[in-house]
Amino acid sequence: MSEQRKSMLTGNIVKHAIKDSFIKLNPMVMMKNPVMFIVELGTFVVFLMVLFPSYFNISGRLGFNLCVFLILLFTVLFANFAEALAEGRGKAQADSLKKSKKETTANKLVGTEIKVVSSTELRKGDIVMVSQGEMIPGDGEVVEGLASVDESAITGESAPVIKEAGGDFSSVTGGTRVVSDQIKMVITSDPGESFIDRMISLVEGAQRQKTPNEIALNTLLTTLTLIFLIVVVTLAPIAKYLGVELDIPVLISLLVCLIPTTIGGLLSAIGIAGMDRVTQFNVLAMSGKAVEASGDINTMILDKTGTITFGNRMASQFIPVGNETLADTSYWAAVSSLKDETPEGRSVLELMKKQSLGYETSIAEGGEFIEFKAETRMSGIDLQDGRLVRKGAVDAVRQWVLGKGGTVPANLEIESNKIASEGGTPLAVAVDNRIFGLIHLKDTVKPGMKERFEQLRQMGIKTIMCTGDNPLTAATIAREAGVDDFIAESKPEDKIAVIRREQAEGKLVAMTGDGTNDAPALAQADVGLAMNSGTIAAKEAANMVDLDSDPSKIIEVVAIGKQLLMTRGALTTFSIANDVAKYFAIIPAMFMVAIPEMNVLNIMSLGSPLSAILSALIFNAVIIPLLIPLAMKGVKYKPMSSARLLSRNLLIYGLGGVIAPFIGIKLIDLIVHIWI
Amino acid sequence: MEILQMIIVIAVLLLLVKPVGTYLFHIFSNEPNRTDRVFGKIENVFYKIIGLKNRSSMGWKKYVFSMIITNIVLVAVSYIILRLMGGLPGNPNKIGNMEATLSFNTVISFMTNTNLQHYSGESGMSYFGQMAVITMMMFTSAASGLVVAIAFIRGITRRGEGLGNFFEDFIKAHVRLYLPIAVLVTLVLVGLQVPQTLSPTAVVHSLSGVEQQIPMGPIASLESIKHLGTNGGGFFGVNSAHPFENPRPITNVIEILSMWTISAALPYTFGLFARNKKQGWIIFTAMMTLFIAFLCLTYFSEKAGNPVINQLGMDSSIGSMEGKEVRFGVAQSALFTTVTTAATTGSVDNMHDTLTPLGGLAPLAEMMLNVVFGGKGVGFVNMMMYAILGVFICGLMVGRTPEFLGRKIEGREMKLIAIAILAHPFIILVPTAISFMTHLGTDALTNPTYHGLSQSLYEYTSSAANNGSGFEGLADNTTFWNVSTGLVMLFGRYISIIALMGVAGSLASKKLVPETIGTFRTDNKLFAGILIGTVLLIGALTFLPVIVLGPVAEFLTLK
């Protein structure tokens, strides 16, 4: 589906967007955007002057007025097109989601009987059965059974996932398909409120509300518009005192050039596209506010397991103790793991292979596998010849050996502490009453995490790792991964405490989580990213859901949030900086006829007053579609310190914004001047 | 040599900024310090007299309300005095009551720290009026402006404590700052032969046998607070160009420094409040850069002289001396002009009307921006408004919600700033446009075309910026001009104060965002550049069309 999403900017969307840009000309719609509304008003006034030139007594300037009218009309249309295009991508996504929301039938359990009903009739609390090949009729939780479910309709991931009753993998989403086995589930949402419904309305932008930053920026843009309105309206009587008569179309041209139409036309497209980028990333943001807030994050709380490390502890070394040899230690470690299907057990055998140490599998034949249990904290194998092979927590194994009358080698404690201090977990290997040595289990940090944390540090974001490990282990992983801080032996309450502590210092906190016990912390955090694989409670508490269930994605979400704000700032700066050149184009043109000396100010040496005004207007109009790709993609963002980021952006969009229109207007004038 | 004169004055100012800024901080930081021993008792007397028992900190609304009520009371009392002063004592020259619209204009003019004078002091104001209304308001309006700036600074640097107690600040500003320094400057001026007397106008018989009237009065005392409080209203119509107000170059320098120092020290005081001196210096740097640019514009265009006169073959090596005092010359005049419009004092030691077109553009532009040091407090607060705007636009470019001094700039602040930033061009351009649409306005213009345009524009700009200087020659003592400039002064003063105090109040209640490497820094050179850029792009571009039609067109056509 992600492939599908990328290629969505198709001819179809463009066609729709063009149609929408005309529909959006409706003044009631335009009113929401004061900058463009003023442009539309101006367009209308000039239109009247074109229609009834004799009434306005301006029949001589018909050609010029017509040009002004057309350019102004296109300015409005371009702005509408930008917005429509951004919305169009969302709509296309929504359409593809709607396909997966086809009405299905459900096997509703009434008493002990199964009744076939339409999925739209299901209500919260209903129990349904879903068998192999059937569509899950609504959001819910598995209450009985285990099944593999194809969730590609939502996540785009084609490999099915296992859903089972109880625990953190019990939630299922309507519109997904059971590919094997059968489950009994309880519906948790009423029609119209399901996850897919919410997703559709989000990407469609039906619930799109202006974010706080957008509101503030809009206020600024409206203010600038009003200021320039005052400037232009008062200019006419002041100039009249000097005997300079200014035509209304010329004044309107000046006004439109000065008000920030570039950012005004692109502002909503930037916001929609920002949300859209998050969606393309397979993260579902519940509001634009959440995306914006993620740009402001100061602190990020990450679970160690699954986010920073792979989570499964892997054997990395065999350490003999006492007088034992490496060969013996590894041999018995391997034997103890022969029938052990846990990741730890498998990693022992892998390490044997890697280090080309020898062991025989035949010895385990007929042996009885002893599973790991919380009480014994050991696993192993009881061999046919009566020997008992065990591996497990060091103190558990020691107790076990002592209980059998064995002795404990003197350096066991030292070696095991050494492993622990390096962040590893020591497993002792013993046969009957003899301890052979230790297996060093190591939690591996995912590749690239260290660099990412370094980037986060450059953005000024502090990372805190949460782990259930002991402080020693936690410290080692923290050092290895390069996080700033960690909480060892953390309980779910600890996360909330940390979030509250950071928030009390005025910081914004982001976190990821999936379990039900993460839900309060997800709700407390300013940005909470829940995993789609997680529980419903977690997803509801969070303000973003990652459909791929990759907790480290929070880092990219932060980057997207920052990019969104930067794009707004960059285009605003660009838009305001443009005014300098436009002034130099229009001011001399307006007064040159009455005051010929004004030609000194015509530093671009534009062909004629009329062509100068038209060129400035044309530049003002075409810059909008030219910047649409930038508004949609966002300005380039590489993590770096704010000082460097600012210098770079100021140079490009500030200085560039001053210079670009000088060149642009001059080039346009070279062409326009051919006619006037 | 001329340039050296200006450099020396600027150097002295630079030396004064730190001690004065620190002193201001100690007055208003409300932390115990040495000055308490000297002034504490005096203040306690005042607190008792006005019954101020509870000196707790006020929220922004209460603070502004207290200031406005105080100003209203002072306006009312002053209006009554002006209307009745003919019959009041202290009137040896038998000056009559002031006319209603002129009184309205005058009390507003002085209460708003503008000191636009549509009357002439020597013929229109009794000694009692000069002292009880003019000099009194010069203290109180300056103190009102200063304490607003201090409260604003408290709001954006301190958290959740309110903005301070207006009445306490107001009294402190008088007792610890204006009164002692005014007394000191008065004595120095008297020592430099500025008259200070209550005797009536002297009548002398000159050698040529003509009877000459020489007006005088309590000049030195008015002169000191006129500049210390960036008031600018002169004892005489020609203001500081009069030899009794400003007899020699050294008094000229003292007057320049008196009006400039407190305004220039405020950024440093702000730095101390913000516990980041560099932040203060950056604001100062931005102001000083703009100032130097305007000073150069005025000085070099005055030095170049008037091309029409130059063509007549007159020696133009000393520059354009039209409307200037010989004892000051071009340098001292240009410096005075640039400082008086930067600090929005409005006193003049030369006639701005006769400045060369571009030389006159500089004072006009400084008042339009109203951020280059600025009058008592208001200029500083305006500069902070541009700082917040600059932070808002450029802060986004580092990918965070913009924050200034650890406080997020959001919708509420932008709305309040919108009011302030809209008000300034509105009250300049709209009345100017109206003045050209009616003969009530155009009748007052005493110059044709471009310069006439500048005259009206200057009058309203000066009123809006609460400066008070004029392109004199405008026949402005009419109901139209008295009322319209009166209203412009009123709005120019209070709209932005209310809006920006609202910003301070809103920022004061915000949670502080901790500073990280990702924070947009506002205490480095880059920010000084951003600040200047914002002022020029948002503040200056607004006025470009009228500037082009006024001074620039005059310059281009003057051949």
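Fair warning: this is a prediction, and the values are worked out from it, not measured in the lab. Only this structure's heavy atoms are used, side chains among them; waters, hydrogens and symmetry mates stay out. Letters A, B, ... mirror the listed sequences (proteins, then strands); counts begin at 1.
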Look up atom [atom1] in [X] and atom [atom2] in [Y], then write down how far apart they are to the nearest 0.5 Å.
X        : Y        : atom1 : atom2 : result
B:Cys394 : A:Leu646 : SG    : CG    : 6.0 Å
A:Ile576 : B:Leu541 : CD1   : CG    : 9.5 Å
A:Ile587 : B:Leu544 : CD1   : CG    : 5.5 Å

Is it true that atom [atom1] of [X] has more than 12 heavy atoms of other residues, nucleotides or ligands lying nearer than 6.0 Å?
X        : atom1 : result
B:Phe426 : CZ    : no
B:Lys415 : NZ    : no
A:Tyr583 : OH    : yes

Among [options], which residue forms the greatest number of heavy-atom pairs with chain B at distances under 4.5 Å?
options                                : result
A:Lys462, A:Arg568, A:Met590, A:Lys507 : A:Lys507
A:Phe228, A:Phe591, A:Tyr637           : A:Phe591
A:Val635, A:Asp579, A:Leu217           : A:Leu217
A:Glu505, A:Arg648, A:Gln563, A:Arg644 : A:Glu505
A:Ile230, A:Asp296, A:Val231           : A:Asp296
A:Leu220, A:Val244, A:Ile215           : A:Leu220

Passing candidate, side-chain contact (heavy atoms from CB on, under 4.5 Å) with B:Leu537, options A:Leu224, A:Val580, A:Thr573, A:Val658: A:Val580
side-chain contact (heavy atoms from CB on, under 4.5 Å) between B:Val546 and A:Thr234, intermediate numbers included: CA-CA 9 Å; B:Val546 278; A:Thr234 54; 5.7 Å; no
Answer with side chain, backbone, both or neither: which region of [X] has an atom nearer than 4.5 Å to a non-hydrogen atom of chain B?
X        : result
A:Thr222 : neither
A:Leu242 : side chain
A:Leu258 : neither

Let me know if [X] has heavy atoms under 4.5 Å from chain A in its side chain, its backbone, both or neither.
X        : result
B:Met397 : both
B:Phe392 : side chain
B:Ile393 : both
B:Ile530 : side chain
B:Ile419 : neither
B:Leu457 : neither
B:Lys408 : side chain
B:Thr557 : both

For the student: nearest non-hydrogen atoms of [X] and [Y], plus distance:
X        : Y        : value
B:Leu396 : A:Gly569 : CB-CA, 3.5 Å
B:Val398 : A:Met566 : C-CG, 3.9 Å
B:Glu410 : A:Ala216 : C-CB, 3.8 Å

When B:Leu422, B:Ile434, B:Thr534 are compared by non-hydrogen pairs under 4.5 Å with chain A, the top option: B:Leu422
Most chain A-contacting option - heavy-atom pairs closer than 4.5 Å, from B:Phe520, B:Phe436, B:Phe543: B:Phe436
B:Ile417 vs A:Thr219, side-chain contact (heavy atoms from CB on, under 4.5 Å): CA-CA, chis, key distance, verdict: CA-CA 9 Å; B:Ile417 285 180; A:Thr219 310; over 6 Å; no
Residues A:Asn213 and B:Thr401: side-chain donor-acceptor under 3.5 angstrom: no
B:Tyr450 vs A:Ile595, side-chain contact (heavy atoms from CB on, under 4.5 Å): CA-CA, chis, key distance, verdict: CA-CA 11 Å; B:Tyr450 314 122; A:Ile595 312 165; 3.4 Å; yes
Trace of the side-chain contact (heavy atoms from CB on, under 4.5 Å) decision for B:Val513 with A:Asn298: CA-CA 9 Å; B:Val513 182; A:Asn298 302 89; 4.3 Å; yes
